[in-house]
Amino acid sequence: MEDITSMDEDFSQWYTDVVLKADLADYSSVRGCMIIKPYGYALWENIQKELDRRFKATGHENVYMPLFIPESLLQKEKDHVEGFAPEVAWVTHGGEEKLTERLCVRPTSETLFCQHFASVVKSYRDLPKLYNQWCSVVRWEKTTRPFLRTMEFLWQEGHTVHATAEEAKEETIRMLNVYAEFCEDFLAIPVIKGKKTDKEKFAGAIETYTIESMMHDGKALQSGTSHNFGDKFARAFNIQYTDRNNQLKYVHETSWGMSTRIIGAVIMVHGDNNGLVLPPKVAPTQLVIIPVSPHKEGVPEKAREVFQRLSGIVRAKIDESDRMPGWKFAEYEMRGVPLRLEIGPRDLEKEQAVLVRRDNREKIIVPLAELESRVPQVLEQLQQSLFEKAKRMMDSRIYTAGSMEELESTAANLPGFIKSMWCGSRECEDLIKDRTGMTSRCIPFEQEKLSDRCVCCGKEAKHMVYWGKAY
RNA sequence: CGGGGUGUGGCUCAGAUGGUAGAGCGCUUGGUUCGGGACCAAGAAGUCGCUGGUUCAAGUCCAGUCACUCCGACCA
């Protein structure tokens, strides 16, 4: 089998090669939609499991809303419908009969949740409602790429209603932090937390918060978002409750989402020219055992014994197929399995096994007796070093610009993010996009005062902003 | 939606000037191998993306269409 395209040569092609050859997904006969294969789906299941655990730990409950939204319902909130109308799929017929009202296939479920909240929230005693749903949504995209942008994608969408604006804002930030910690601790992907500019915020939100991560090619991927709707949707959908003082009040809402797109981030942050590299915490298989010269006496028995001992401790797999060992090494590297254990005749003599790390190919000789303690230890170190490597990569590609000239030349020559001061005007944001191809990624929570002046117009600066080219 | 590229066994591709469909890899079977993608032998596998046209004859020429892919604009 030939190698995958080198990422330095053609990053996009490298990405596609990895998705296909690591056996994560395949193209389907439906334009823009992909088949998520068992290995890719196992990855998603691990992401789901961990996120779901974190949602439950913060008091959320899972629900399920319908796939279809009546047109009249979608129309209720003006900004929302304007944002999504261009990319929804419509159902116009049921069997042979034309429907009296078109149904859209949900691009997101705010409107359905709102209608439901309007019917179940009556009193301050009914609040808050902290809901989440796991589902797929459809957006009629013009160009698609596996995981990064598909017409149908799997995600979770959290929807909550609260009594006060303060509570809604707290929830928005809480869930952004859940996402950020999940990315950093579980996926080993460093993120920048911040707020979206008005131009970039979600259709219908008063504030959108985001975590932005940097891919290997220096481009940004919005990895999770959390929206504060204030009482905008509540007013459009008439979601009111009676408070302790018998006053009728509008609720305050939030929504937040993370999708299978995050798998694209895992690929593009950790992957290398040998294929996928998975952080141990999310890897479907954490350790693969490869018997070497399995026809030699004692080898398969010992390999199975090691497999038995380790499978209670880590997600282990043993490959006893009749492939050449070299083929297996390459194959499991392609699939990003964090740790490989080789065991052959030479090891039997010395009562040892050879561990090989996926990230740096370091070989670690471990006495058989110590495997139970050493394997989890090495996995933990690997998880940690993947995060540190990604963090160094991101930090080393964040530049500062004090003038438009600097912004333009940096954007043209150096992949990565650029931070600069900004006056807050849409005009400057648009101009920067025109001149550099970069959009504002976020107004980070961690502000630095680089200067007093907007990088673009020279007027008084309001914020420091990260700019970047985005997926 | 604009611009470029590509559609031929599972995969990567070859098939000048139209004339009976090819290779390598993979797959199956048997044997030898086995510490970084092994070797030998035998086999199976294609209505040449789809529709129409030109022609005695189309993978090849023409028109249309669909899909994939890359680069822009729009978006999780």
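Here is how names work: the chains are called A, B, and so on, in the same order as the sequence lines, proteins then strands, and each is numbered from 1. Remember, predicted model here, so these are calculated numbers, not experimental data.
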Counting side-chain heavy atoms from C-beta on, which of [options] comes nearest to [X]?
| X | options | answer |
| --- | --- | --- |
| A/Thr144 | B/G36, B/C34, B/U69 | B/U69 |
| A/Arg340 | B/U69, B/G36, B/G35 | B/G36 |
| A/Arg139 | B/G35, B/G36, B/A76 | B/A76 |
| A/Ser259 | B/G36, B/A76, B/G35 | B/A76 |
| A/Arg31 | B/C68, B/G36, B/G35 | B/C68 |
| A/Thr16 | B/G36, B/A76, B/C70 | B/C70 |
| A/Pro325 | B/U69, B/C34, B/G36 | B/C34 |

Does A/Lys317, at its NZ atom, have more than 12 non-hydrogen atoms belonging to other residues, nucleotides or ligands within less than 6.0 Å? no
Does [N] have OP1 or OP2 under 4.0 Å away from a side-chain N or O of [X]?
| X | N | value |
| --- | --- | --- |
| A/Arg106 | B/A76 | no |
| A/Ser12 | B/C71 | yes |
| A/Tyr332 | B/G37 | no |
| A/Arg145 | B/C70 | yes |
| A/Lys433 | B/C74 | yes |

Reading RNA chain B from 5' onward, which residue's closest nucleotide shows up sooner: A/Lys142 or A/Gly437? A/Lys142
Along RNA chain B (nearest heavy atom to each residue), the more 5'-positioned of A/Gly344 and A/Gly32: A/Gly344
Just to be sure I understand the rule, does [X] reach a base, reach only the sugar-phosphate, or reach nothing, if contact means heavy atoms closer than 4.0 Å?
| X | result |
| --- | --- |
| A/Tyr27 | sugar-phosphate |
| A/Thr143 | base |
| A/Glu333 | base |
| A/Phe84 | nothing |
| A/Tyr471 | base |
| A/Thr439 | nothing |

Is a donor-acceptor pair below 3.5 Å formed from side chain A/Arg149 to base B/C75, judging by atom type as modelled? yes
Counting Watson-Crick and G-U wobble pairs only, both distances under 3.5 Å, name the nucleotide matched with [N], or none.
| N | result |
| --- | --- |
| B/A57 | none |
| B/G30 | B/C40 |
| B/C68 | B/G5 |
| B/A73 | none |
| B/C48 | none |
| B/A23 | B/U12 |

Closest non-hydrogen contact found for A/Arg340 with A/Leu287 is C-CD1, 4.3 Å
Taking all non-hydrogen atoms of both residues, which atom of A/Glu212 and which atom of A/Ala220 are closest, and how far apart? OE1-CB, 3.9 Å
Does the Lys NZ or Arg CZ of A/Arg54 fall within the cation-pi geometry relative to A/Trp256 - under 6.0 Å from the ring centre and within 45° of the axis? no
Taking the six-membered ring of A/Tyr471 (Phe, Tyr or Trp), confirm whether the NZ or CZ of A/Lys219 is under 6.0 Å from its centre and within 45° of its axis. yes
Less than 4.0 Å between a side-chain N and a carboxylate O, is that true for A/Glu50 and A/Arg53? yes
Rounding to the closest angstrom, what is the interatomic distance between B/A44 and B/U6 at atom P? 34 Å
Please check if the side chain of A/Arg106 supplies one atom and the backbone of A/Ser136 the other of a donor-acceptor pair under 3.5 Å. yes
Can you measure A/Asp10 atom CG to B/U69 atom C1' for me and round it to whole angstrom units? 10 Å
If anything within 90° of 0 is syn and all else is anti, what is B/A21? anti
